Amino acid sequence: MENVPFNKRSLNYLCKRMNWEIAEDDIRKTVELLSELKKKDPMFADSVLVDSDSKIQALMWTNGRSRYQYSTFGDAITFDTTYRTNQYDMPFGLFVGVNHHFQSIILGGVLMRNEKEETFDRVFKEFVSLMGGKATLTILTYQCRSMELPIANVLPGTKHRWCKWHVLRRAKETLGPAYTMNKELRDELHKILEYMPTVKEFEAAWQTLVQKYNLQEHPMMNQLYELRKKWAKPYFAGVFCARMTSTQRSESTNHMLKNFVPPGASMHMFIKHYQKLQFDRDAEENFAEKKSRLVSPVLKSGLPLERHAGKVYTPALFKLFQEACFKSASYYVENILAVNDTYCVTHLYADQREAWSKTSYNVKVQQPDNYLQCECGMYEHMGLLCCHAIRVMAQLRFTKIPERHIMRRWTKEACEDLPEYLKIYKGRSPILGSTTFRHTALYTTALDIVRMGDSNPEAFEFAMSKLSDAMVGLKEKANGSDDKGLEDILDKEKIDMQQNINGKTVLKNSMIVESRKRDRGRPTNARCRPCRPGYEDAHLMYVA
């Protein structure tokens, strides 16, 4: 080591000096990188917010896939700005949602200079603008005063809730040894946060807790109780949150971001490595989508409702529905109020539950669309029927889940809003049998490009760049039509390719073929005899 002409301090100084030189050209490289991403993804969008001194106040970006996902899964999102690992120590905020496989999806990212009210005000306005002007229904954040007023002003129709995980962390910090050394207190407080479905249960359980452990005069507990509508689960009833009660998805995404972004990264390198995380999350979603198509659901209870749920819901939602079916076996329909179509569902072991626990729920069935409304409000909270409603449906011998209770965002077809010119590829469409040579050649070549481009990030970027260039060149070439394309042929012929399976005839190529009834006994191996003269067309009837 004595022969090395420099020491550790000089090496650190050299690295800092290199970072300073890179930082001087960081903005230009960031703009070039954003322009390159726009060429690869036509739906990529970014926004640079500057202050009165023309300094960058916030930099926000999102891609085409995230904007499409927001249109389907943007009803409930979380926002967190606790990540700061970059060269400028700028807070990085992530807009995160949940898809129909219960996976975290990244909707957008923003680098901010500070966390003031005016900054958040502009960030939320710009996020709604990038997402097509559609505001979310529910947003979950940590306890940040500078976020509350901007959300109330920019998103007046959005429900703002706090993360319960931050509430627990604050309780741990303020209660001190009374929380860390007392396991019973911790368990009871967690139970209040997790298993309180109604307001009456929460009120009774909270009063029991503070009296049991002499916390009536504790300032933090009193403050939490005053602000209970921001974080307590019973007050989430009627507010759709997609089963999210904390910013844990944003926190987990921040944790994954550390695996892709090196500490002290410059702005353009931060965005470049962020794209790797986006690619990784998209790959996980694609795998779950393929798995939901190939894996058949395993039935456990034997209820017709469970069989129907396995056909409609994704495997993640179907698992939760099975858990609700299992819990429904612990309830019975005690009495029926036929006048109001209200059913009282009671727990079998009501005497063994907590004193503050509610054991009976009223489920009202509204006609004529069979809409079930339960006191617990679970369907309004996450879009899945509760065990009480399932018990009533089993009592009424429902074989299918009512249409009004099937939320499209949880179904297998949640992301199948295809354009009209792509709907012919959905399923095994018989229209594909009448494609032209040009259409078939283009279709098979495009499938090969998709297969090779999906192998790794470098192949994906190369394929997208070439396809984007081809799209630009084809816009001028595709203006004229020679009336020989597939769409032109379908528009002219207007062939109805629907097959009537239950009927006796099948429509195909303007010909009706009568279905022949099979003769009794073992089928013969002899050759068919030719028809007599004059009866050649006995089995074929052409349509004029």
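Here the structure is a predicted model, which means the values were calculated and not measured.
- Applying the side-chain hydrogen bond (donor to acceptor under 3.5 Å, both in side chains) definition to pairs two or more places apart or across chains, those involving residues 124-134 are S47-E126, D121-K125.
- The pair E188-K212 meets the salt-bridge criterion, with a side-chain N (NZ, NE, NH1 or NH2) lying under 4.0 Å from an Asp/Glu carboxylate O.
- A donor-acceptor pair under 3.5 Å is absent between the side-chain atoms of T158 and the main chain of L137, judged by distance alone.
- Within a 6.0 Å sphere centred on OH of Y332, heavy atoms belonging to other residues, nucleotides or ligands number more than 12.
- Because its NZ or CZ atom is not both nearer than 6.0 Å to the ring centre of F202 and within 45° of the ring axis, K200 does not count as a cation-pi partner of that residue.
- The environment of CD in Q216 is crowded: more than 12 heavy-atom neighbours from other residues, nucleotides or ligands sit within 6.0 Å.
- Using a 4.5 Å heavy-atom threshold, the side chains of D280 and F260 count as touching.
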**Message:** Between E375 and K358, is the salt bridge (charged side-chain N to carboxylate O under 4.0 Å, His left out) condition met? List the steps.
**Reply:** CA-CA 11 Å; E375 285 184 301; K358 187 176 178 63; 3.7 Å; yes
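- Sorted by first and then second residue, the side-chain hydrogen bond (donor to acceptor under 3.5 Å, both in side chains) pairs involving residues 311-327 (not counting sequence neighbours) are E306-Q322.
- Between the side chain of T138 and the backbone N or O of F240 there is at least one donor-acceptor pair closer than 3.5 Å.
- Checked by atom type and distance alone, the side chain of D454 never pairs as donor or acceptor with a backbone atom of V450 at under 3.5 Å.
- Looking only at side-chain heavy atoms (C-beta outward), R65 and Y70 stay at 4.5 Å or farther from each other.
- Judged as a ring-ring contact (aromatic ring centres under 6.0 Å, His included), and not counting sequence neighbours, the contacts of Y371 are H405.
- For the atom pair CE of M382 and SG of C241, the computed distance is 10.5 Å after rounding to the nearest 0.5 Å.
- Proximity of T81 to M147: side-chain heavy atoms (C-beta onward) are separated by under 4.5 Å at one or more points.
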**Prompt:** Where do T62 and F44 land on the side chain to side chain contact (heavy atoms under 4.5 Å, CB included) test, with the steps shown first?
**Reply:** CA-CA 6 Å; T62 181; F44 184 90; over 6 Å; no
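- Contact detail for V98 and R409: the closest heavy-atom pair is O-NH2, 3.0 Å.
- Side-chain contact between N99 and E285 is present, with heavy atoms from C-beta onward closer than 4.5 Å.
- Within the 4.5 Å cutoff, side-chain heavy atoms of L299 are placed close to those of R307.
- Without hydrogens or angle criteria, N222 side chain to H218 main chain gives a donor-acceptor distance under 3.5 Å.
- Put simply, the side chain of S66 never gets that close to the backbone of G108: no donor and acceptor are under 3.5 Å apart.
- Remark: L209 CG to L185 CG distance equals 6.0 Å, nearest 0.5 Å.
- Proximity of a side-chain donor or acceptor of H347 to a complementary backbone N or O of Y331 within less than 3.5 Å is not detected.
- Atom CE of M60 is separated from atom CG of D46 by 10.5 Å, given to the nearest 0.5 angstrom.
- Note on residues 220-232: pairs passing salt bridge (charged side-chain N to carboxylate O under 4.0 Å, His left out), not counting sequence neighbours, are E203-R228.
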**Message:** Before you tell me yes or no, could you show the steps for K364 and D341 under salt bridge (charged side-chain N to carboxylate O under 4.0 Å, His left out), namely the whole-Å CA-CA distance, both residues' side-chain angles and the distance that decides it to 0.1 Å?
**Reply:** CA-CA 6 Å; K364 186 177 181 180; D341 290 334; over 6 Å; no
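- The two residues T136 and G74 make their nearest non-hydrogen contact at OG1-O, 2.8 Å.
- Residue I151 holds its CD1 atom at 11.0 Å from CD of E117, rounded to the nearest 0.5 Å.
- Aromatic ring orientation, H100 versus F73: parallel (interplanar angle below 30°, classes split at 30° and 60°).
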**Request:** Check step by step if side-chain hydrogen bond (donor to acceptor under 3.5 Å, both in side chains) holds for H160 and E148.
**Result:** CA-CA 8 Å; H160 181 205; E148 293 185 15; 5.6 Å; no
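- Note: Y274 and F92 have perpendicular aromatic rings, judged against thresholds of 30 and 60 degrees for the angle between ring planes.
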**Message:** Using the rule given for side-chain hydrogen bond (donor to acceptor under 3.5 Å, both in side chains), can you reason through E380 versus Q373, listing the C-alpha separation, both sets of side-chain angles and the distance that settles it, and then say yes or no?
**Reply:** CA-CA 9 Å; E380 291 79 7; Q373 188 174 6; 4.9 Å; no
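- Using a 4.5 Å heavy-atom threshold, the side chains of F79 and F127 count as separate.
- A search for salt bridge (charged side-chain N to carboxylate O under 4.0 Å, His left out) contacts involving K300 returns nothing, not counting sequence neighbours.
- In this structure, CD1 on I106 lies 9.0 Å from CG on N63, to the nearest 0.5 angstrom.
- A donor and an acceptor atom, one from each side chain of N114 and T119, are located under 3.5 Å apart.
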**Asked** Which is it for K291 and E284 under the salt bridge (charged side-chain N to carboxylate O under 4.0 Å, His left out) test, yes or no, and what are the steps along the way?
**Response** CA-CA 11 Å; K291 184 178 179 180; E284 291 291 333; over 6 Å; no
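- Ring-plane geometry between W410 and F102 is classed as parallel, the angle between the planes falling under 30 degrees on a 0 to 90 degree scale with a further cut at 60.
- When every heavy atom of M393 is checked against every heavy atom of L372, the shortest pair comes out as CG-CD2, 3.6 Å.
- Other residues, nucleotides and ligands contribute at most 12 non-hydrogen atoms within 6.0 Å of the CZ atom of F460.
- Nearest approach of L303 to C325, heavy atoms of both residues: CD1-SG, 4.3 Å.
- Not one N or O on the side chain of S330 forms a donor-acceptor pair closer than 3.5 Å with the backbone of L348.
- Side-chain contact between L37 and I271 is present, with at least one heavy-atom pair separated by less than 4.5 Å.
- Side chain of S71 to backbone of Y68: a donor-acceptor contact under 3.5 angstrom is found.
- Nearest heavy-atom pair across V365 and L396 is CG2-CD1, 4.3 Å.
- Counting heavy-atom neighbours within 6.0 Å of K412 NZ, excluding the residue itself, gives a total above 12.
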**Prompt:** Going through the distances and angles, do E118 and R122 end up as a salt bridge (charged side-chain N to carboxylate O under 4.0 Å, His left out)?
**Reply:** CA-CA 6 Å; E118 54 270 18; R122 299 186 65 183; over 6 Å; no
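- A donor-acceptor pair under 3.5 Å is formed between the side chain of T208 and the backbone N or O of A204.
- Here the closest non-hydrogen pair linking A58 and V123 is CB-CG2, 4.1 Å.
- Considering only heavy atoms from C-beta on, F124 comes within 4.5 Å of I139 through its side chain.
- Take F326 and apply the ring-ring contact (aromatic ring centres under 6.0 Å, His included) test, not counting sequence neighbours, and it matches no residue.
- Heavy atoms of other residues, nucleotides or ligands lying less than 6.0 angstrom from CZ of R397 number 12 at most.
- Checked by atom type and distance alone, the side chain of R67 pairs as donor or acceptor with a backbone atom of L130 at under 3.5 Å.
- Enclosure of atom CD in E403 is not indicated, since only 12 or fewer non-hydrogen atoms of other residues, nucleotides or ligands lie within 6.0 angstrom.
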